[in-house]
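Positions are given from 1 along the sequence.
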Amino acid sequence: MNLNELGRKKVTVDEQLVRRLANTIRGLSIDATNAADSGHPGLPLGAADFAVTLWYYFLRFNPEDPKWPGRDKFILSGGHGSMLIYSLLHLAGYDLTMEELKNFRQWNSKTPGHPESHITRGVETTTGPLGQGFANGVGFGLADAMLAARVNREGFTPIDSFTYVLTTDGDLMEGVALEAASFAGHLKLGNLIYLYDDNSISLDGPTSLIFDTEDTPAKFAAMGWHVQTVDGHNPQEVADAIYAAQKETTKPSLICCKTIIGYGSPNKAGTSGAHGSPLGEEEGNKTKEALGIPLQKFHVPQEDRDAWGARIDEMKCLYREWKQHVDQARKDHSDCVRILEGSFKQELPANLEKVLPAFSPEKPVATRKAGAAVLKELGKHVPWLVGGSADLSVSTNAIVSDEKVLAGSYKGRHIFFGVREHGMGGIVNGMVQHGAFRAFGATFLTFSDYMRGSVRLSALMQCPSIWVYTHDSIFLGEDGPTHQPVEHVTALRAIPGLLVFRPADAIETGLSWVAALQEKHLPSAIILSRQNLPVYDREAKEFCGGKGDFFKGGYVFRPEKDPKKLDGILIGTGSELQLCIEAARRMEAEGKSIRVVSMPCRELFDRQDGSYKNAILPELCEARVAVEAGISMGWERYVGARGRTVSQDTFGQSAPDKVLAGEFGFTPEKVIARMLESM
């Protein structure tokens, strides 16, 4: 056995074996969806032949180390067909027991309705919303290409991986998939092989209802993809196509696998009836009989176990050889091994905030520009930090390095995503899920709507992607309400598990980046201003909050003048903190004792215990005003029944920012008036 050739050579398929293994998956899928009385049996029944061909002859995996860097990746973008991947993981030796298959779609099982990467070992990324897995796959492929460019040398090639994605008609109708496909074709990602389950059926009926005028193969060829069409139920044709795709190194590949949804079902095969509903007991048994599958529920023949066991043994041998390959390189290629291992450990320098650039209180600066300085400095110390913007680099200033990622040249760190916000989101998630890079994606805050699906999934699957959003309020000015975000910060805060930072000045901007990088499981959104903001001197007598309390999400930025008397609390974020400070100064001149609280991250503040929260926002002080250039929704939790807000509950207008501030009431006078109402 030549281990180097495993999964990388032309094969003669044992078609009888493949059909038997595929039929076992079909039987498991029928039984699991029937037991749950919900699910999507059509995809597993239709795609089982080509999926088994891929897994049994080509995919490099190790069930004992699912995150092995040398593995190939398999992504089920059509996540509704989850019993396909669950069956494959079970049979291929992963930690997914038969009991879990029987608990399909049940409480606390490892087999939820759609695959979730933080729940099920061997699932590379959370899929289900169509198109997301397609885009994630591009991120995985890009990450492998970038990692290979950094560590592979003549005689040392630890990264020689393919990302295989099972994609569907529904995926290819989604804009996020086409954005990612265009990006992948442009970057010539030859390590991507997508198997398209081309069954011409969607939930509503035949795709001719809505998807019959497009020539999908021609469309992908026009985007720079290598395209083949095969009979998805012919294992040898599929195997030959996969091998041909592997040999095409300068183009991503699409293999159109013509299949019959619900294959084998006498009454539902080839119809939408097989798509999203269990076959039922009677039709399930008829299907098993038609395919020669034993009627016994959740049946796996011992000969199947033996066949998969042989393949698993080959994979374990390959894995050991890969480990030896790396160990032997520690002398001649020590720098490459260090980069390889360091990329996956992602250890941060101690006291990371100490490497942040200094900002002068004498020089106001937009937080987007401060972010640029911060990112450049962090980039020197965090080599696995990469990312870019959706065609707005000169505006977001989110550039970690001048070294560019270009087609065929993947050593750079700055990625041009083009005007593809949602595609960018899916690709960034894929890169972070890959594990070798911490990736960020940047655009204007108002365009966060275009990529919300990806942002939500980053939180759901505990993927610590970093989202950078600039031009954060109506103070964008003359571009007008189409580009002035109003509800967007609140909408982002509504996503469970997303840390939303809206820093008030350059110093808080740097600390936001530190907090985002230190977070290992949750994504972060960093919201930055277009306009210049004051930089506050934390050493000045007026301010005593200190930088340390920033990481608690909310802290006393400017204490009340009289520590024995607290007349009111002003809570500010972002550019509006300066209004709170000026209002507090004026009210103090009138004899009032006003505290100013900066709350850059409500999610971190909410994590704190009750004693800390009460120390910052004492319950006995009910006179409170929250000031933020966005909608007021959500601030009632912090200001209480008597509290007030200064907020933007309408769309903006096109005008200079100072005019907008006056017309919409973002002035110290308005803040003072609202505080007096609350007292």
Side-chain angles (χ1 to χ4, degrees), residues 1-11 54-74 92-95 121-122 124 140-164 189-193 242-243 245-247 249-250 308-349 381-386 403 405 408-413 431-438:
M1 177 175 60
N2 186 341
L3 292 176
N4 288 328
E5 291 184 351
L6 271 178
R8 301 292 187 267
K9 64 179 181 178
K10 191 174 180 66
V11 298
L54 169 65
W55 274 68
Y56 196 81
Y57 288 101
F58 294 96
L59 190 75
R60 290 181 169 182
F61 61 90
N62 181 12
E64 295 179 354
D65 187 359
K67 295 294 185 181
W68 163 42
R71 74 192 184 283
D72 293 328
K73 291 82 181 174
F74 175 76
Y94 286 78
D95 181 24
R121 282 166 61 87
E124 297 283 2
F140 273 87
L142 178 58
D144 265 333
M146 292 172 65
L147 184 60
R150 288 157 170 74
V151 304
N152 283 5
R153 299 290 185 271
E154 185 176 353
F156 180 58
T157 54
I159 303 303
D160 179 27
S161 305
F162 289 100
T163 294
Y164 298 97
L189 292 174
N191 58 5
L192 297 177
I193 300 176
I242 293 173
Y243 178 69
Q246 290 180 343
K247 304 304 286 184
T249 60
T250 62
W308 281 107
R311 186 61 176 175
I312 294 166
D313 288 343
E314 289 181 335
M315 290 296 106
K316 289 180 179 178
C317 288
L318 177 64
Y319 174 77
R320 288 193 293 270
E321 184 179 83
W322 185 90
K323 297 279 281 187
Q324 292 169 2
H325 183 54
V326 173
D327 287 340
Q328 290 167 0
R330 293 185 188 280
K331 180 179 179 181
D332 295 334
H333 301 288
S334 59
D335 56 332
C336 298
V337 175
R338 185 174 63 253
I339 293 170
L340 174 66
E341 295 178 340
S343 294
F344 287 96
K345 289 179 181 177
Q346 294 197 356
E347 294 175 346
L348 291 168
H381 302 272
V382 186
W384 33 266
L385 178 61
V386 302
E403 296 176 311
V405 177
S409 176
Y410 306 111
K411 288 185 178 180
R413 298 169 68 185
M431 296 187 73
V432 177
Q433 285 293 95
H434 176 278
F437 297 98
R438 192 70 175 277

| R413 (side chain) donor-acceptor with L385 (main chain) under 3.5 angstrom | yes
| With no hydrogens and no angle check, is any side-chain donor or acceptor of Q246 less than 3.5 Å from a backbone partner on F162? | no
| I242 side chain near Y164 side chain, heavy-atom distance below 4.5 Å | yes
| Under the criterion side chain to side chain contact (heavy atoms under 4.5 Å, CB included), which of T163, N191, L147, L189 is the partner of L142? | L189
| query | Any side-chain heavy-atom pair from I312 and K316 closer than 4.5 angstrom? | reply | yes
| message | Between E314 and R60 (salt bridge meaning N to carboxylate O under 4.0 Å), is one present in this structure? | response | no
| request: Verify salt bridge (Lys or Arg N to Asp or Glu O under 4.0 Å) between R121 and E64, making sure each step is shown before the conclusion. | output: CA-CA 10 Å; R121 282 166 61 87; E64 295 179 354; over 6 Å; no
| Got a donor-acceptor contact below 3.5 angstrom from the R320 side chain to the M315 backbone? | no
| said: The criterion is ring pair (Phe, Tyr, Trp, His ring centres under 6.0 Å); which residues satisfy it with Y319, sequence neighbours excluded? | reply: W68
| request: Could you tell me whether R153 and D332 make a salt bridge, using a distance below 4.0 angstrom between a side-chain N and a carboxylate O? | output: no
| Does S343 reach the side chain of I339, with side-chain heavy atoms less than 4.5 Å apart? | yes
| field | Residue pair A92 / P63: nearest heavy atoms and the distance that separates them | value | O-CG, 3.4 Å
| query | What heavy-atom pair brings V326 and E341 nearest, and what distance separates the two atoms? | reply | CG1-OE2, 4.3 Å
| query | By salt bridge (Lys or Arg N to Asp or Glu O under 4.0 Å), which residues pair with R8, not counting sequence neighbours? | reply | D72
| query | Do the side chains of R438 and V386 get nearer than 4.5 Å, heavy atoms only? | reply | no
| message | With a 6.0 Å cut-off on the ring centroids, do W55 and F61 count as close? | response | yes
| request: Using a cut-off of 6.0 Å, state whether more than 12 heavy atoms not belonging to K67 lie near its atom NZ. | output: yes
| Judged by atom type as modelled, is there a donor-acceptor pair below 3.5 Å linking the side chain of R311 to the main-chain atoms of Y57? | yes
| field | Gap between atom CD of Q324 and atom CH2 of W322 - 0.5 Å precision | value | 12.0 Å
| ring-ring contact (aromatic ring centres under 6.0 Å, His included) between W308 and Y56: does it pass, once the steps are laid out? | CA-CA 8 Å; W308 281 107; Y56 196 81; 5.5 Å; yes
| Could you give the distance from CG (L192) to NZ (K73), rounded to the nearest 0.5 Å? | 10.5 Å
| said: Between E403 and K411, is the salt bridge (Lys or Arg N to Asp or Glu O under 4.0 Å) condition met? List the steps. | reply: CA-CA 8 Å; E403 296 176 311; K411 288 185 178 180; over 6 Å; no
| Taking all atoms of both residues into account, what is the closest heavy-atom pair of W384 and A436, and its distance? | CB-O, 3.6 Å
| field | Which residues share a side-chain contact (heavy atoms from CB on, under 4.5 Å) with A148, sequence neighbours left out | value | N152, I159
| request: Begin with the C-alpha distance, continue with both residues' side-chain angles, and end with the deciding distance and a verdict on salt bridge (Lys or Arg N to Asp or Glu O under 4.0 Å) for R71 and E124. | output: CA-CA 11 Å; R71 74 192 184 283; E124 297 283 2; 2.9 Å; yes
| said: I need the R150 CZ to Y410 OH distance, nearest 0.5 Å. | reply: 12.5 Å
| F156 vs H333 aromatic rings, parallel, tilted or perpendicular, using cut-offs 30° and 60°? | parallel
| task | Would you indicate whether the side-chain heavy atoms of S161 and F140 approach each other to under 4.5 Å? | result | no
